*Asks:* 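Pasting a structure below so you can have a look.
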Amino acid sequence: MGAATPENPIVAVHSTGDGPSAWVAALKEEMPGVDARPALEIAGDDLARVDVSISWRLPHGVLARFPNLQLVQSIGAGVDHILEDPDRPGHVPIARLIDPFMATSMTHHIVMQILRWHRQADKFEGYKTEHHWPMSEAFDHRHLHVAILGLGTLGEHLSRALTALEIRSTGWTRSPRAVGGVASVSGPAALDDLLTRSNVVVCLLPLTTQTEGILGSDLFAKLPKGAFLVNVGRGGHLVEEDLIPALDSGRLSAAALDVFRQEPLPSDHPFWDDERIYITPHIAAEVNPSTASIVFAENIRRIRTGGTPTGLVDLGRGY
Ligand code: GLV
């Protein structure tokens, strides 16, 4: 752990997009009396009073200005945006956000995309436009097998939901991780085998040097023809230039992408106009200030009383 908790500690809050004010307000609601302030407005002697940073994409170098920092809490399940800061004080623990609300929200998004693909929702939209009533359509969910890459809180939640929907799934992790009641395999050889048996691949992995570019032509080649890809991890997992060739060859029939190497996705990006690619703007599991603040408040209490926060990241592994 870092230095001792300073007197009259301050929580430094930062979020891109919606800005810090909703987060500050939600945290105060959950933890009356907390001194929470926008990180970029803290200056002078107050810098030494910051013990906790709660952030999404804090500009690099800001964490290094807090000499008594004890916890870096991510506003998000991923912590890659924190690890990327070259000036981050390396000894300060980092916590990812583990919020049941997000797990449910992520599962809803993925199930929506799988069913949209499996039940050919776009085709029926087209039929409606044409006032066309087809004679019959056969959908057989018994043929679905979902490979869930990454079996953390989100992957486990998804797996249980798919089971309830009678859709088979198998989770994959790089190193062995048994999760009660969830089918799972681990390691590179097991991944190859799993891919040959899976017509849906969902990427929920953390972005690390080991997983960067994992969704590329090598992985696609192992799938049965016509498979469906869902990437809700990070844009860096996908080798973007391999996707359209995999769709053109029929190896993949469609892909649902929520995350991209460059966000917002540039308006001239070829993915926009490809109807086989379903695009959402990084909204699969948006963080909710009121539910996330329950977790943040608990972690602040724990760090200030010598306890262990939830969601601590193994800094060696990067997740
Ligand atoms: C969002 O992408 C997150 O990390 O929660």
Side-chain angles (χ1 to χ4, degrees), residues 13-20 22-23 26-27 39 53-60 63 71-85 88 93-113 148-158 161 173 202-215 229-238 240 255-265 271 278-296 298-299 309-315 317-319:
V13 182
H14 182 81
S15 173
T16 51
D18 49 358
W23 294 95
L27 186 62
S53 157
I54 299 181
S55 69
W56 176 254
R57 295 195 176 146
L58 184 65
H60 293 173
L63 290 177
L71 177 67
V72 181
Q73 169 73 60
S74 174
I75 299 182
V79 295
D80 45 309
H81 62 106
I82 296 167
L83 293 171
E84 279 162 15
D85 179 353
R88 169 182 67 84
I94 299 175
R96 64 181 178 279
L97 173 61
I98 301 179
D99 181 353
F101 175 92
M102 279 179 88
T104 305
S105 184
M106 180 60 94
T107 292
H108 287 179
H109 176 86
I110 296 168
V111 168
M112 172 189 76
Q113 297 293 23
I148 304 172
L149 310 189
L151 206 50
T153 314
L154 304 178
E156 180 182 344
H157 192 278
L158 173 66
T173 50
V202 176
C203 178
L204 275 167
L205 290 164
L207 184 64
T208 66
T209 46
Q210 274 90 14
T211 63
E212 205 264 328
I214 191 171
L215 306 174
L229 172 70
V230 181
N231 188 19
V232 283
R234 285 287 184 262
H237 287 126
L238 177 67
E240 289 195 346
L257 308 179
D258 185 58
V259 286
F260 301 87
R261 288 199 177 238
Q262 190 181 338
E263 295 181 6
L265 186 64
F271 288 175
Y278 313 155
I279 291 176
T280 47
H282 204 142
I283 48 76
E286 283 198 281
V287 192
N288 179 311
S290 63
T291 58
S293 288
I294 299 170
V295 180
F296 298 158
E298 177 62 21
N299 276 355
T310 59
L312 277 190
V313 167
D314 177 331
L315 294 176
R317 285 191 320 187
Y319 61 96

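Remember, it's a predicted structure, so these values are computed and weren't measured experimentally. We count ligands from 1, going down the list as the structure has it; atoms in each ligand are counted the same way.
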*Asks:* List every atom of ligand 1 that sits less than 4.0 Å from any heavy atom of Gly76, numbering the atoms from 1 in the order shown and giving each element.
*Replies:* 3 (C), 4 (O), 5 (O)

*Asks:* Quick one: does Asn299's side chain have a donor or acceptor within less than 3.5 Å of a partner on Pro309's backbone?
*Replies:* no

*Asks:* If you look at every heavy atom in His237 and Leu207, which pair is closest and at what distance?
*Replies:* NE2-CA, 3.5 Å

*Asks:* Indicate yes or no: does an N/O atom of Arg234 lie under 3.5 Å from an N/O atom of ligand 1?
*Replies:* yes

*Asks:* Find all atoms of ligand 1 within a distance of less than 4.0 Å from any non-hydrogen atom belonging to Met102, and give their numbers and elements.
*Replies:* 5 (O)

*Asks:* Measure the CG-OG1 distance between Leu151 and Thr173 for me, rounded to the nearest 0.5 Å.
*Replies:* 6.5 Å

*Asks:* With a cut-off of 4.0 Å, which atoms of ligand 1 are near a heavy atom of His282?
*Replies:* 1 (C), 2 (O)

*Asks:* Could you tell me, atom by atom, which parts of ligand 1 come under 4.0 Å of a heavy atom of Gly78?
*Replies:* 3 (C), 4 (O), 5 (O)

*Asks:* Which ligand 1 atoms, with their elements, are less than 4.0 angstrom from a heavy-atom of Ala77?
*Replies:* 3 (C), 4 (O), 5 (O)

*Asks:* Minimum heavy-atom separation for Ala161 and Thr107, please, with both atom names.
*Replies:* CB-CG2, 3.4 Å

*Asks:* Between Asp258 (side chain only) and His282 (backbone N and O only), is there a donor and an acceptor less than 3.5 Å apart?
*Replies:* yes

*Asks:* What is the minimum heavy-atom distance between Gly235 and Arg261, and which atoms define it?
*Replies:* O-CG, 3.5 Å

*Asks:* For Ala285 and ligand 1, does the shortest N/O to N/O distance drop below 3.5 Å?
*Replies:* no

